[in-house]
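Hydrogens, waters and symmetry mates play no part in the numbers below; they use all other heavy atoms, side chains included. Small disclaimer: the values here were computed from a predicted structure and weren't measured. Labels below follow one simple rule: chain letters A, B, ... track the order of the sequence lines, proteins then strands, and each chain is numbered from 1.
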Amino acid sequence: MANNEENRDIRSRQGINTIIVNSARNMHMKTVNARIPQKSTPQPLSQQQNPQWNNFMVNRGTQNTSTIHQRFKSPLAPRTQSTRHVCNNPNNPPCAHCGTTIIPSPKAFMPLEDNPEIIINNWKISTKKKPILNSVELEDWENNKLKGLALPEMIFGNNAITIQNIEKDWTLQFNTLDALKMVKLEDSGIRVSYSNKWLDAKKNNATKNSNQKSDIDESSLKIVHNYDWTYTTEYKGTIKQNSKDSVEYNFQRDDEVQLPIDKLSRSDKILFFDDMILFEDELADNGISVLNCKIRVMDERLLLLSRFFLRVDDVLIRVIDTRIYVEFDENIIIREFKKYEDQYSSVLSRHRLSHSYDPKAALRDSNWVVANSPLVTRECEILKF
Amino acid sequence: MDLDKIISLIRQGKHIHEETVYTLCLNAQELLINEANVSKVDTPVTICGDIHGQLHDLLTLFDKSGGVENSRYIFLGDFVDRGFYSLESFLLLLCYKLRYPDRISLIRGNHETRQITKVYGFYDEIMRKYGNSNVWRYCCEVFDYLSLGAVIDNKIFCVHGGLSPDINTIDEIRDIDRKQEVPHEGAMCDLLWSDPDEVMTWSLSPRGAGFLFGKNEVDNFLYKNDIELITRAHQLVMEGYKEMFDGGLVTVWSAPNYCYRCGNVAAVLRIEDDLSRNYTIFDAVQAQNGVGNAIIPTKKVQMDYFL
């Protein structure tokens with residue numbers, strides 16, 4: 001400690017150390033260089049391997065969409081190669097409308113701001129990724145922002161994905177703080193699989209040793225601090241709107257609306273992609289609770305998936321998906337919310353029926369779990385500017 | 001068996017033959033069976049927290065703290081799971097233990113159990129590397145012999161998780177029959193699992209199992225055992241270490257950039273002869289961008305057409 005203070009003293013007397021500035025520059029260069037697209041841009045698999053399949057996809061798209069997605073009146077004719085997106089990102093090499101995908105680096109060093117973004121028409125999409133919160137930030141969250149919640153182990157509190165309509169100054173953001181604010185500060189009723197056994201053993205022990213060594217009494221076996229330790233959150237994103245605009249834009253509930261899966265299944269070039277965890281907890285090795293957000297932006301549309309995945313080993317499985325779909329030309333935005341839940345044993349038994357030597361591996365894969373768990377809730381909302 | 005040669009192979013991340021692992025584990029058991037539940041260690045010593053299979057960061061740890069050839073170490077457990085080199089990390093520590101028995105103490109963490117390693121990566125890693133689970137079974141046998149704690153100069157108590165309401169004095173830990181899979185309840189379980197928190201007394205975790213303990217419990221334990229510090233690991237700390245309860249307890253975390261994505265730094269704590277504390281902070285080994293790094297999973301986001 002003394003050493004550190006000495007160093008700091010020297011530093012403050014001499015201004016910023018040249019070595020520090022240089023290493024900052026080096027790191028910056030490394031970060032930037034790492035993003036320069038490779039010469040041979042990897043093509044999506046389907047295009048590379050089977051051009052026929054690709055044609056088929058496009059054809060199928062033209063035929064089917066007219067029926068299901070008439071409401072979008074989307075011009076399905078292939079766009080001419082005039083580019084219309086703007087990569088407004090000082091820390092990334094310019095894409096110069098060459099069509100190369102921007103993949104933001106997961107982490108920028110030093111005080112450099114790392115907010116890669118892309119603009120298409122009126123829509124600006126940006127992401128932010130940082131390490132987990134440090135103790136100063138944690139203390140602030142614990143004592144002020146999220147009072148009453150014992151925080152999850154890993155909080156990527158400075159991560160966020162933002163979708164903004166520039167013209168209307170309307171923003172939909174997925175961020176960690178707001179997601180955690182929706183975790184209930186009450187007993188979830190869920191217990192780890194061996195809870196009863198554990199409690200019984202402690203109670204027996206306490207009575208046996210009531211006048212001897214054990215420190216615990218009845219009150220120690222009651223939960224004092226109640227919060228949902230599974231960190232279940234039904235977060236659907238945070239909407240921010242500039243108040244000076246007189247018109248308020250709200251989603252309209254319409255469960256009939258479906259996401260245009262056919263358009264999303266096409267292998268349109270992905271111009272911007274990011275994938276991040278907002279928070280994660282290992283539930284003291286009783287499973288996992290994780291909120292993950294990812295986004296892909298194509299020339300005409302984008303899809304964002306925010307997935308909460310909970311597995312309490314030998315107890316239950318829960319997945320909460322929020323999907324955001326934006327059709328840029330139509331200025332339409334759809335929000336779909338789905339909740340899946342089942343008992344651990346039921347999901348596991350479905351796997352045993354199918355195949356494989358290690359069924360528990362499947363229970364770590366949220367995609368497999370979603371495909372094999374019953375849908376409990378589905379809601380859909382739509383907003384058109 | 002040429003330990004130095006095996007150590008050099010492990011340090012390079014090379015494949016170790018099943019028979020070699022078997023012999024190593026057998027020898028380690030013979031050595032560990034003679035150790036007490038709570039081993040006594042002299043200063044100066046370096047205390048290290050969770051490793052979690054991050055072999056290359058473990059090598060950095062030894063580099064930055066003098067190396068086992070020159071100084072003493074206590075590892076607080078959780079050698080395996082999560083990272084991609086659980087086996088190599090654990091074997092390296094075992095080899096060091098065999099090669100320099102009085103310079104390294106290995107304490108059991110909650111991940112050194114059959115049940116947990118099956119879910120959190122070690123078992124999968126062995127299946128991937130050997131095609132069968134033999135090596136996993138040999139290692140699990142060794143886990144059962146790891147000690148439960150250590151005491152430095154009768155003044156500092158080291159454990160993986162924390163305190164237990166069933167344990168008032170360190171001597172009571174010596175009565176536990178430790179050579180078994182970690183049970184789901186009881187003193188042995190608490191020592192490996194419990195967490196410090198801002199609570200007034202022993203409190204049940206909202207998960208329905210496991211204890212939280214507060215400043216009162218720590219102060220009591222320090223007073224009754226005439227010690228001045230409890231060092232433990234078990235919980236991720238962004239800064240590598242965290243002192244609590246007026247310095248009566250410290251959490252040490254030694255897995256930098258945990259799970260290859262948390263961006264945290266790691267720390268080890270060196271206790272000098274006068275019991276003063278010195279923390280050494282270190283960062284994760286960087287993945288080499290662009291080359292498709294062979295040793296650390298690439299940090300670049302993989303694009304996919306998710307729906």
Side-chain angles (χ1 to χ4, degrees), chain A residues 30 33-34 38 44 101 103-107 130-135 138 150 153-154 187-188 190-192 194-199 201-202 205 213-216 219-227 229 261 264-265 267 270 273-275 277 283-286 294 296 303 305 313 358 360-361, chain B residues 81-82 110-111 115-116 118-120 123-124 127 164-168 172 183-186 189 193 195 197 199-212 217 220 235-239 242 257-259 261-264 277-279 286 289-290 299-307:
Chain A
K30 275 188 189 161
N33 284 339
Q38 311 278 315
T101 305
I103 297 185
S105 146
K107 176 172 151 189
K130 292 272 178 73
I132 52 170
L133 294 185
N134 61 37
S135 347
L138 273 181
E153 196 178 20
M154 302 171 213
D187 187 356
S188 63
I190 302 171
R191 298 285 181 271
V192 296
Y194 50 87
S195 171
N196 281 336
K197 207 177 137 198
W198 192 90
L199 280 171
K202 289 293 170 195
N205 209 2
K213 56 181 183 179
S214 191
D215 276 3
I216 53 165
S219 68
S220 292
L221 295 175
K222 293 212 177 76
I223 296 166
V224 256
H225 184 184
N226 273 318
Y227 65 93
W229 60 273
I261 293 301
L264 289 168
S265 304
S267 47
I270 296 176
F273 184 94
D274 214 343
D275 185 353
I277 292 172
L283 310 179
D285 298 318
N286 283 294
K294 54 183 174 178
R296 59 178 167 112
L303 180 68
L305 168 61
D313 287 330
D358 183 13
K360 300 218 165 143
Chain B
D81 284 342
R82 312 281 183 203
N110 63 300
H111 277 264
Q115 209 181 341
I116 296 291
K118 265 212 151 179
V119 184
Y120 291 96
Y123 178 82
D124 292 346
M127 292 302 284
S164 164
D166 298 340
I167 299 289
N168 287 310
E172 287 168 26
H184 265 320
E185 39 78 27
C189 163
W193 284 94
D195 287 326
D197 204 341
V199 287
M200 298 310 290
T201 178
W202 293 106
S203 308
L204 174 63
S205 149
R207 293 182 198 99
F211 276 118
L212 302 170
E217 287 67 50
N220 267 335
Q235 282 177 302
L236 170 62
V237 190
M238 175 69 180
E239 289 78 7
K242 182 184 180 188
N257 197 24
Y258 180 47
C259 296
R261 61 167 183 269
C262 281
N264 61 294
R277 311 172 192 178
N278 259 316
Y279 295 96
Q286 290 298 310
N289 273 319
K299 282 182 178 175
K300 264 200 181 164
V301 175
Q302 295 295 314
M303 234 179 25
D304 74 302
Y305 282 85
F306 68 87
L307 285 174

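- Interatomic distance, CD of E239(B) versus CG of L138(A), reported as 7.5 Å (0.5 Å rounding).
- The CD1 atom of I277(A) sits 7.5 Å away from atom SG of C262(B), with the distance rounded to the nearest 0.5 Å.
- Only the side chain of N110(B) comes within contact range of chain A, judged by heavy atoms closer than 4.5 Å.
- Between I132(A) and L236(B) there is a side-chain heavy-atom pair separated by less than 4.5 Å.
- The heavy-atom pair separating G208(B) from L199(A) by the smallest distance is O-CG, 4.1 Å.
- By number of non-hydrogen pairs under 4.5 angstrom with chain A, the leading residue of H111(B), K242(B), M200(B) is H111(B).
- Here W198(A) contributes atom CH2 and E185(B) contributes atom CD; the two are 9.0 Å apart, rounded to the nearest 0.5 Å.
- Across every non-hydrogen atom of E153(A) and Q235(B), the tightest pair is OE2-CA, 4.3 Å.
- Interatomic distance, N134(A) CG to N264(B) CG, rounded to the nearest 0.5 Å: 11.5 Å.
- Y194(A) approaches A209(B) most closely through the heavy-atom pair CE1-CB, 3.5 Å.
- Scanning all heavy atoms of the two residues, the minimum distance from Y120(B) to D285(A) falls at OH-C, 3.1 Å.
- Remark: the backbone N or O of F306(B) is paired with a side-chain donor or acceptor of R296(A) at under 3.5 angstrom.
- Heavy-atom distances place the side chain of D313(A), and not its backbone, under 4.5 Å from chain B.
- In terms of heavy-atom pairs under 4.5 Å with chain B, the best-connected choice from K197(A), K294(A), R191(A) is K294(A).
- S265(A) is listed as a side-chain neighbour of L307(B), based on a closest heavy-atom distance under 4.5 Å.
- Minimum heavy-atom separation, A284(A) to W193(B): O-CZ3, 2.9 Å.
- Here OG of S195(A) is found 11.5 Å from CZ of R207(B). Values are rounded to the nearest 0.5 Å.
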